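Working notes, structure below.
We count ligands from 1, going down the list as the structure has it; atoms in each ligand are counted the same way. Since we're looking at a predicted model, the values are computed, not measured.
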Amino acid sequence: MEHIYILAIESSCDDTSAAILCNNNVLSNCIASQQIHEKYGGVVPELASRAHQQNIVPVVSEALRLANITHEKINAIAFTRGPGLLGSLLVGISFAKALSMSLNIPLIEVNHMQAHILAHLINQNSDGSNNANPSFPFLCLTVSGGHTQIVLVRSENDFELVGESNDDAAGEAFDKSAKILGLPYPGGPLIDKYSKDGNPIKYKFPKPAAKDFDFSFSGLKTSFLNFISKNVAQNPSFIHDELPHICASIQHTIVDYTTEKLLNAASQYNIKNIAIAGGVSANTYLRKYLQEKCDEQKLKLFIPRFEYCTDNAAMIGIVGYFKYLNQDFCGLDVLPLSRFAI
Ligand code: KG4
Ligand code: ZN
């Protein structure tokens, strides 16, 4: 079998990442995360682009070093075209264009949301695990910091958007709730951590209304803010005293809401293979809760390995590999897209 080497670059938000894949096997997957945003309570776009500029050369060099290959072996360069922050995307795209010109190899544009989903098609056995990849068709809940979508995946290049958020994303709901509690950015992993000793049904929040398989999270943020303000007014140490229960309850609300929509969609579309993707799919409660529901309903659940949940270039590389097989290349005139439909 022919060996196709792809260099993949991801720079859509605040992680600079480069990966090398040989066919559907990941040889290296390097990520430089930006700590600078922590103190601002969210990603500052201008600071993110500057950090990408600093990180991109060392991260790509490190990916090549860890994969133990040189530039000459690379068959094509895959990069994130969007969706994402324009200035951040521009750094990755410009680097990819320059390198493809100098090495005289093709460029492959990748949709970041498709990449989150197709991370499920990375050969798991190459990293020592025995997990199987999902077969088509499968239904994927993509829950990240910028998006919440339910997507029906019929093949590597056939995606149907079944539902999405009309406002905030699930990751944002986690991060903004954490901010209200005085926790640093990104707060999602901290809510996950503090929830471990909490009662998930101690506090109840209204389930947001959105039609069919769409989502809405902005109302939840407001009701959470009102709930915290009211309780802190009565007891200034409310957050301190109740942190595990507050975290577990808001986490349960988000997880129960997204899970319910996903399983209703699976039933309506009669799909038995279910997957989750994106940063929030790292959430331990979501993983456990959804697994229990899928077991009850005899559905097969596919959960990505932790390193392929949050932003990473290996997921860009797997899309790059499939596009390479179809000779689906782009020209040097390609521009970043802050919005990019799946
Ligand atoms: O996919 P991702 O890395 O970036 C985007 O494409 O947006 O997702 C980042 C999001 C953040 O909102 C972060 O708080 C959330 O994923 N996240 C989590 C967990 N790990 C990351 N949310 C809840 N629980 C986690 N364990
Ligand atoms: Zn992402």
Quiz prompt | is_close_aromatic(Tyr203, Phe224), centroid dist under 6.0 Å | solution = no
Pick out the protein N or O atoms lying less than 3.5 Å from any N or O of ligand 1, and list each pair with its distance.
residue: ligand 1; atom: 1 (O); partner: His116; partner atom: NE2; Å: 3.2
residue: ligand 1; atom: 1 (O); partner: Gly279; partner atom: N; Å: 3.0
residue: ligand 1; atom: 1 (O); partner: Asp311; partner atom: OD1; Å: 3.2
residue: ligand 1; atom: 3 (O); partner: Asp311; partner atom: N; Å: 2.9
residue: ligand 1; atom: 3 (O); partner: Asp311; partner atom: OD1; Å: 3.4
residue: ligand 1; atom: 4 (O); partner: Asp311; partner atom: OD1; Å: 3.3
residue: ligand 1; atom: 4 (O); partner: Asp311; partner atom: OD2; Å: 3.1
residue: ligand 1; atom: 6 (O); partner: His112; partner atom: NE2; Å: 3.3
residue: ligand 1; atom: 6 (O); partner: Asp311; partner atom: OD1; Å: 3.2
residue: ligand 1; atom: 6 (O); partner: Asp311; partner atom: OD2; Å: 3.4
residue: ligand 1; atom: 7 (O); partner: Gly145; partner atom: N; Å: 2.8
residue: ligand 1; atom: 7 (O); partner: Gly146; partner atom: N; Å: 3.2
residue: ligand 1; atom: 8 (O); partner: Gly145; partner atom: N; Å: 3.3
residue: ligand 1; atom: 12 (O); partner: Gly171; partner atom: O; Å: 3.3
residue: ligand 1; atom: 12 (O); partner: Asp175; partner atom: OD2; Å: 2.6
residue: ligand 1; atom: 14 (O); partner: Asp175; partner atom: OD1; Å: 2.6
residue: ligand 1; atom: 14 (O); partner: Gly188; partner atom: N; Å: 3.3
residue: ligand 1; atom: 20 (N); partner: Gly279; partner atom: O; Å: 3.4
residue: ligand 1; atom: 24 (N); partner: Gly188; partner atom: O; Å: 3.4
residue: ligand 1; atom: 24 (N); partner: Asn283; partner atom: ND2; Å: 3.0
residue: ligand 1; atom: 26 (N); partner: Asp192; partner atom: OD2; Å: 2.8

Quiz item: Using a distance-only test with no angle check, is there a side-chain donor-acceptor pair under 3.5 angstrom linking Asp311 and Ser17?
Solution: no
For a quick test of your reading: what N or O donor-acceptor pairs under 3.5 Å do the side chains of residues 86-96 make, sequence neighbours left out?
residue: Ser88; atom: OG; partner: Cys13; partner atom: O; Å: 3.2
residue: Ser94; atom: OG; partner: Leu90; partner atom: O; Å: 2.6

Quiz item: Closer than 2.8 Å to the Zn ion (ligand 2), which protein N, O or S atoms?
Solution: His112 NE2, His116 NE2, Asp311 OD1
Quiz item: Is a donor on one side and an acceptor on the other found under 3.5 Å between the side chain of Tyr321 and the backbone of Ile122?
Solution: no
Quiz item: Is Thr148 reaching over with its side chain to a backbone N or O of Ala169, donor-acceptor style, under 3.5 angstrom?
Solution: no
Quiz prompt | Test applied, side chain to side chain contact (heavy atoms under 4.5 Å, CB included); reference residue, Leu64; option that passes from Ile74, Leu27, Thr70 | solution = Ile74
Quiz item: Would you say the side-chain atoms of Ser144 pair up with the backbone N or O of Gly278, donor to acceptor, closer than 3.5 Å?
Solution: no
Quiz item: Apart from Leu66 itself, what residues make up its hydrophobic cluster when side-chain heavy atoms of I, L, V, M, F, W and Y under 4.5 Å apart count as a link, directly or indirectly?
Solution: none
Exercise. Would you confirm whether Arg339, through its side chain, and Pro83, through its main-chain N or O, come within 3.5 Å as a donor-acceptor pair?
Key: no
